[in-house]
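Below you'll find the structure, written out as structure tokens, and then a few comments.
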Amino acid sequence: MQTFRQLDPLRRAVDALRCDGPIALVPTMGALHEGHLALVREAKARAAHVAVSIFVNPRQFGANEDLAAYPRQLERDAALIEAEGAALLWAPASEAMYPAGYATNIAVAGVSEGLCGAARPGHFDGVATVVCKLFNQVRPDFALFGEKDWQQLAVIRRMACDLDLTLPHVDAIIGIPTVREADGLAMSSRNAYLTPQERAQAAALPRAMQTAILELKAGAPVHGTLTALREALLAAGFVSVDYAELCDAESLVPLTTLPERPARLLVAARIGKARLIDNMAV
Ligand code: PAF
């Protein structure tokens, strides 16, 4: 596996690889877990070459968020993706991503605005901006993202469509189902912030969501079901619930009744030092 921290050698390497078959990109911020490795495996099954990016993107962290504390373990991560057969690791130095004088921001209206966008102003501008840069840097044939960050996936799809970022494959932005621990908790680098007690309590999140989905499907009213979901999380040890919403799966517009179209239940809740998010199809 080749590792690059500067853009020019990265570009030469991807040009050489491309002559020999399609390239799939798996963008990450590192602290890799089984969920990321599932993306790398899926990428490997679909493309001749897999490029993984690891960049803790300062532009998607708010002033009071965990940028400094975010786990950084580049050597361990590099060994993990090499063992999965990745051909290339793009781990840009901060100045390679945002050189002096950098001044451009991408803001995606609509899908960015509710849910995590409301709780974390500017977060999705940072995501859209860095992912657009990663696409232009690596120029992959397609890219894979975890469905755990459902809103992020919707923002990236909107941005790529609006900016005519024509990745060569049809459906080039591929969402991969969330990988879960044995008790149902969605895998996340931020689970590392939980104490053993909080970790045990956190399993209430997927359980409460599944209960809510069963109730919605049985005809329970949306508002009351979401209120009961919030109360169940607080009773289980979560300190607050940022949101618990039923939304249209694509536009993320909040819904007050269960529609014919695909819908998604999305939740963000805080426990200990962690803010956990999850989403499920309804
Ligand atoms: O999901 C993530 O890890 C990040 O938001 C991403 C897509 C790599 C952009 O920094």
Side-chain angles (χ1 to χ4, degrees), residues 4-5 10 24-40 42-43 50-62 65-74 76-78 80-81 86 88-94 96-98 102 104-108 111-112 115-117 119-138 140 142-160 163 165 167 172-179 186-193 252 266 268 274-279:
F4 298 95
R5 295 190 66 82
L10 170 85
L25 173 66
V26 178
T28 81
M29 296 205 301
L32 303 182
H33 51 66
E34 194 50 37
H36 296 110
L37 299 182
L39 298 180
V40 176
E42 188 59 36
V50 178
V52 177
S53 64
I54 296 183
F55 180 66
V56 182
N57 174 33
R59 297 177 74 97
Q60 69 187 75
F61 288 78
E65 293 184 353
D66 55 346
L67 175 61
Y70 199 85
R72 288 159 172 88
Q73 31 196 258
L74 192 62
R76 172 192 165 276
D77 289 346
L80 286 173
I81 58 170
L88 190 153
L89 169 58
W90 170 223
S94 204
M97 188 60 87
Y98 300 120
Y102 183 88
T104 300
N105 184 52
I106 297 176
V108 182
V111 282
S112 279
L115 306 169
C116 285
R120 305 179 67 191
H123 167 68
F124 287 118
D125 290 14
V127 171
T129 301
V130 82
V131 171
C132 182
K133 284 178 67 73
L134 289 167
F135 284 177
N136 286 331
Q137 290 162 347
V138 179
F142 50 90
L144 296 92
F145 298 86
E147 286 186 350
K148 174 170 169 287
D149 296 297
W150 187 266
Q151 189 175 12
Q152 166 171 285
L153 192 53
V155 169
I156 291 167
R157 286 193 166 124
R158 186 76 258 163
M159 177 273 293
L163 297 183
L165 296 187
L167 280 62
I173 296 170
I174 299 164
I176 300 294
T178 303
V179 179
M187 288 195 183
S188 164
S189 308
R190 290 187 166 104
N191 294 351
Y193 299 156
L252 298 185
L266 300 106
R275 178 179 181 278
L276 303 184
I277 59 170
D278 202 347
N279 70 88

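Computed from a prediction, not measured in an experiment: that's the story for all the values here. Just so it is clear, the values below take in all heavy atoms, side chains as well, and ignore hydrogens, waters and symmetry mates. Remember, it's 1-based here, ligands and their atoms both numbered in the order they're listed.
- The list of salt bridge (Lys or Arg N to Asp or Glu O under 4.0 Å) pairs with a residue in residues 129-138, not counting sequence neighbours, is empty.
- Here the straight-line distance linking atom CD of Glu34 with atom CG of Leu80 works out to 9.5 Å at 0.5 Å rounding.
- Of the candidates His36, Gln60, Met29, Gln60 brings a heavy atom nearest to atom 9 (C) of ligand 1.
- The ligand atoms of ligand 1 that sit less than 4.0 angstrom from a heavy atom of Pro27 are 8 (C).
- Residue Thr28 touches ligand 1 through its backbone alone, judged by heavy-atom distances below 4.0 Å.
- Under a 4.0 Å criterion applied to the non-hydrogen atoms of Val130, ligand 1 contributes the atoms 9 (C), 10 (O).
- Listed by atom number, the atoms of ligand 1 under 4.0 Å from Gln152 heavy atoms are 1 (O), 2 (C), 4 (C), 5 (O), 7 (C).
- Side-chain contact check for Phe55 versus Pro27: every heavy-atom pair is 4.5 Å or farther apart.
- Qualifying ring pair (Phe, Tyr, Trp, His ring centres under 6.0 Å) partners for His33, counting only residues two or more places apart in sequence or in other chains: His36.
- Separating the CD atom in Gln137 from the CH2 atom in Trp90 is a distance of 5.0 Å, to the nearest 0.5 Å.
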